[in-house]
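What follows is one structure encoded as structure tokens, with my remarks underneath.
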Amino acid sequence: MHYVVCVKQVPDTTEVKIDPKTNTLIREGVPSIMNPYDVHAVEAAIQLKEKYGGKVTVLSMGPPLAKEVLKKAIGLGADEAVLISDRAFAGADSLATSYALTKAIEKINEQEKIDLIICGKQAIDGDTAQVGPGIASRLNISQLTYVMEIKEISDNSISVFRKVKGGQELSKTKLPALLTVITDINDVRYSSLDNLIKAARFDYKTWTKDNLDADIEHLGLKGSATMVRNIFAPPQREKGEIIPGGEGNGEKAIATLLDKLIPLDIIPN
Ligand SMILES: Cc1cc2nc3c(=O)[nH]c(=O)nc-3n(C[C@H](O)[C@H](O)[C@H](O)COP(=O)(O)OP(=O)(O)OC[C@H]3O[C@@H](n4cnc5c(N)ncnc54)[C@H](O)[C@@H]3O)c2cc1C
């Protein structure tokens with residue numbers, strides 16, 4: 001089995017603050033991390049390797065520094081790592097991102113046939129959850145999204161539990177397929193010392209646009225169907241109001257609350 005995991009380097013959004021004067025994101029000093037969903041995707045692939053054998057390749061698109069997330073994945077136990085990095089990829093929306101990643105996946109597949117591609121459900125910076133399904137559509141393979149448990153892989157097929165509204169759904173499809181995973185899928189283990197040493201010495205592959213059989217018109221800003229025109233901080237929430245209650249005053253407090261909520265259409269009259 002050959003598992004390919006797509007990992008994205010993202011700013012740690014829990015650390016990103018908004019400058020109230022300029023209404024822009026303060027990115028300075030904000031650490032870059034592996035997208036949290038992708039850490040679970042790597043762990044899922046490693047657990048599959050431990051159960052069924054095979055090899056885990058991690059793939060990322062980003063600037064040269066994105067190598068750090070590949071290093072982390074090797075530290076967790078991945079076997080191979082490919083970074084696709086080129087100015088031609090910059091400014092990509094989810095359409096162009098999934099195109100570039102698909103081209104890299106096709107090249108990896110030529111070198112060693114891929115059985116399963118695993119992505120995170122979404123990236124915490126872009127937040128679209130479109131890249132995984134975009135790759136599956138371009139490759140014309142099945143996609144199973146919101147995967148919370150991998151039940152089994154057998155006879156060139158995979159069955160998983162997907163989180164759906166109000167419960168879970170058991171789905172089965174043939175391989176090769178693409179999964180997007182949520183954090184329920186596993187608990188991520190710490191890196192072993194052996195893997196950390198391996199990561200420190202690892203020889204990372206970097207491919208540019210020239211290494212891919214890609215149409216430049218579909219890459220980066222040129223290949224993007226959408227364009228971000230403006231970015232601004234959401235308006236600050238208004239200060240809350242405390243309705244005085246207290247002993248003996250409960251009914252009056254509820255009546256005051258209802259008088260305020262009904263005109264807002266929050267609760268039916
Ligand atoms: C408002 C906004 C403005 C943006 N502006 C710019 C810009 O100016 N310049 C620019 O370069 N980008 C920009 N981007 C980023 C870019 O559009 C997205 O990062 C990219 O298209 C991926 O979409 P996503 O982050 O929503 O990923 P999702 O679809 O949410 O990611 C799902 C999964 O796909 C995989 N994945 C996604 N991206 C990668 C990757 N790069 N490498 C490997 N795996 C990946 C991961 O497994 C991830 O968990 C912007 C995004 C937004 C939302």
Side-chain angles (χ1 to χ4, degrees), residues 3-13 16 18 23-25 27 32-45 56-73 76 78 80-105 107-108 116-139 143-147 178-183 185 188 204-207 209 212 214 218-234:
Y3 313 98
V4 170
V5 187
C6 296
V7 294
K8 184 182 183 190
Q9 190 182 45
V10 296
D12 188 349
T13 49
V16 175
I18 288 161
N23 273 346
T24 53
L25 300 181
R27 284 177 185 265
S32 289
I33 55 169
M34 188 194 292
N35 179 41
Y37 291 94
D38 304 352
V39 184
H40 290 270
V42 173
E43 176 69 33
V56 177
T57 300
V58 283
L59 166 67
S60 191
M61 178 177 97
L65 265 181
K67 208 172 81 176
E68 287 304 311
V69 291
L70 297 177
K71 195 169 170 178
K72 175 160 172 118
L76 288 169
E80 277 293 338
V82 178
L83 175 68
I84 57 167
S85 192
D86 197 302
R87 286 203 171 276
F89 303 147
D93 66 0
S94 50
L95 191 73
T97 300
S98 61
Y99 177 74
L101 289 172
T102 300
K103 288 292 148 189
I105 287 169
K107 186 174 163 97
I108 295 169
L116 190 65
I117 301 163
I118 311 181
C119 293
K121 181 199 73 166
Q122 72 192 82
I124 59 166
D125 57 348
D127 250 354
T128 66
Q130 292 173 350
V131 170
I135 296 170
S137 308
R138 289 182 185 281
L139 291 171
Q143 52 177 294
L144 296 170
T145 53
Y146 286 74
V147 173
L178 180 142
L179 313 184
T180 76
V181 301
I182 57 173
T183 54
I185 191 157
V188 177
Y204 298 89
K205 278 184 201 152
T206 304
W207 293 341
K209 68 171 184 352
L212 304 180
H218 290 136
L219 292 172
L221 210 52
K222 266 191 185 171
S224 295
T226 58
M227 194 180 131
V228 178
R229 286 195 178 270
N230 193 4
I231 176 165
F232 52 90

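As the structure lists them, so they are numbered: ligands from 1, and atoms in each ligand from 1. Starting from 1, each residue takes its place in the sequence as its number.
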Single hit among V82, I108, I84, L83 for side chain to side chain contact (heavy atoms under 4.5 Å, CB included) with K205: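 The single option meeting the side chain to side chain contact (heavy atoms under 4.5 Å, CB included) with K205 is V82.
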Is there a side-chain contact between T226 and S94, using heavy atoms and a 4.5 Å cut-off?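 Not in contact.
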Compare all side-chain heavy atoms of V39 with those of L76 and state whether any distance is below 4.5 angstrom. yes
With S98, which residues qualify under side-chain hydrogen bond (donor to acceptor under 3.5 Å, both in side chains), at least two apart?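 Residues passing side-chain hydrogen bond (donor to acceptor under 3.5 Å, both in side chains) with S98: R138.
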K72: what forms a side-chain hydrogen bond (donor to acceptor under 3.5 Å, both in side chains) with it, not counting sequence neighbours?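 Partners of K72 by the side-chain hydrogen bond (donor to acceptor under 3.5 Å, both in side chains) criterion come out as none, since no residue qualifies.
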Using the salt bridge (Lys or Arg N to Asp or Glu O under 4.0 Å) criterion, which residues pair with K67? Sequence neighbours excluded. none
Mind checking what residues have non-hydrogen atoms under 4.0 angstrom from ligand 1? C6, V7, K8, N35, D38, L59, S60, M61, G91, A92, D93, S94, T97, L101, C119, G120, K121, Q122, A123, D125, G126, D127, T128, A129, Q130, V131, V228
